[in-house]
There are 2 protein chains.
Amino acid sequence: MTEAKRSYLVAYDVIDDRRRNHVSKILMTCGERVQHSVFLLEVRPSKILDVRKRIEGEIDLETDSVLICFLGIKATARRDMTFIGKRSYQDVSIPAII
Amino acid sequence: MTEAKRSYLVAYDVIDDRRRNHVSKILMTCGERVQHSVFLLEVRPSKILDVRKRIEGEIDLETDSVLICFLGIKATARRDMTFIGKRSYQDVSIPAII
């Protein structure tokens, strides 16, 4: 039985431009950019472990910060996320307060 | 019976410096800055409504984006948040992968 996909919010503060680009490229391959340095990933748990390992290999653990926040199943994540203003995450009917 | 506190992650992309400062000041009064534009709030639901209203009054709804992500009770939030690298959120024993 294949693992079910889960939602994760990934936010990062990476000082160096080159490192920051590498992190965003990793996340772009498997997630949706909802803000400049925040991605929403809907992936299997094994995939998030791979993403974590690749990010660990890119950042400076002393100066950079990457936060991975588990949001549960897709429906729960969408219910629990509220955007005010611009919703960069186009294809999802997340309630926005206009 | 008073409302129980809940955890919320608030991340923002605000283009204008003045607006961005106003948003971070609002969040600083009731939350912990875990990254440059990401705060963790542990507040009552009535408080998050107040925060939302104040943020709506500050940002440009066309260009700026504020994401509020409900994380549930404090213990769940801490379990579901993993930091890689720098953990700006000092006083919490969130597992960091060093």
Side-chain angles (χ1 to χ4, degrees), chain A residues 6-16 19-20 23 26 32-40 45 48-49 51-72 76-90 92 94-98, chain B residues 6-16 19-20 23 26 32-40 45 48-49 51-72 76-90 92 94-98:
Chain A
R6 294 286 181 265
S7 296
Y8 302 85
L9 205 68
V10 183
Y12 54 86
D13 259 0
V14 177
I15 294 171
D16 174 73
R19 290 200 306 267
R20 191 182 324 111
V23 168
I26 291 170
E32 184 94 26
R33 186 171 232 160
V34 292
Q35 288 182 357
H36 189 64
S37 52
V38 178
F39 281 75
L40 178 64
I48 201 72
L49 291 177
V51 167
R52 256 166 67 169
K53 212 174 268 167
R54 291 173 63 198
I55 287 176
E56 280 164 37
E58 286 296 344
I59 66 170
D60 177 327
L61 297 175
E62 295 298 317
T63 59
D64 302 337
S65 170
V66 177
L67 166 62
I68 299 176
C69 200
F70 174 68
L71 299 180
T76 311
R78 295 192 185 180
R79 181 202 63 196
D80 291 345
M81 291 171 63
T82 304
F83 282 89
I84 305 172
K86 202 177 76 166
R87 230 173 5 119
S88 341
Y89 192 33
Q90 258 70 25
V92 168
I94 292 178
I97 302 142
I98 305 295
Chain B
R6 293 288 180 267
S7 296
Y8 302 85
L9 206 67
V10 183
Y12 55 86
D13 259 0
V14 177
I15 294 170
D16 173 74
R19 291 199 305 268
R20 191 183 321 110
V23 168
I26 291 170
E32 183 96 27
R33 186 169 232 160
V34 292
Q35 286 182 2
H36 189 65
S37 52
V38 179
F39 281 74
L40 178 64
I48 201 72
L49 290 177
V51 168
R52 255 166 69 167
K53 214 175 266 165
R54 292 172 64 198
I55 286 175
E56 280 164 34
E58 287 294 345
I59 67 170
D60 177 328
L61 297 175
E62 295 298 317
T63 59
D64 301 339
S65 169
V66 177
L67 166 61
I68 298 176
C69 200
F70 174 69
L71 300 180
T76 312
R78 295 194 186 175
R79 181 204 62 198
D80 291 345
M81 291 169 65
T82 304
F83 281 90
I84 305 172
K86 201 177 76 166
R87 234 173 5 118
S88 338
Y89 191 33
Q90 260 71 22
V92 167
I94 293 177
I97 302 146
I98 304 297

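Proteins get letters first, then strands, A, B, ... in listed order; numbering begins at 1 in each.
For A:D64, the salt bridge (charged side-chain N to carboxylate O under 4.0 Å, His left out) criterion is met by A:R19, not counting sequence neighbours. Taking the salt bridge (charged side-chain N to carboxylate O under 4.0 Å, His left out) definition, one finds that A:R6 meets it with nothing, sequence neighbours left out.
Note on A:T76, A:T63, A:D60: by heavy-atom pairs under 4.5 Å with chain B, the leading option is A:T63. In terms of heavy-atom pairs under 4.5 angstrom with chain A, the leader among B:V38, B:V66, B:L9 is B:V66.
The CD1 atom of A:I15 sits 11.5 Å away from atom NE2 of B:H36, with the distance rounded to the nearest 0.5 Å. Annotation: the span from A:L71 atom CG to B:C69 atom SG amounts to 4.5 Å, rounded to 0.5 Å.
Only the side chain of A:I55 comes within less than 4.5 Å of a heavy atom in chain B; its backbone stays farther off. Residue A:I59 touches chain B through its side chain alone, counting heavy-atom pairs closer than 4.5 Å.
Looking at every heavy atom in both residues, A:A11 comes nearest to B:Q35 through O-NE2, 3.0 Å.
In this structure the side chain of B:T82 reaches within 4.5 angstrom of the side chain of A:R52, judged on heavy atoms. You'll find the side chain of B:I68 stays beyond 4.5 Å of the side chain of A:D80, heavy atoms only.
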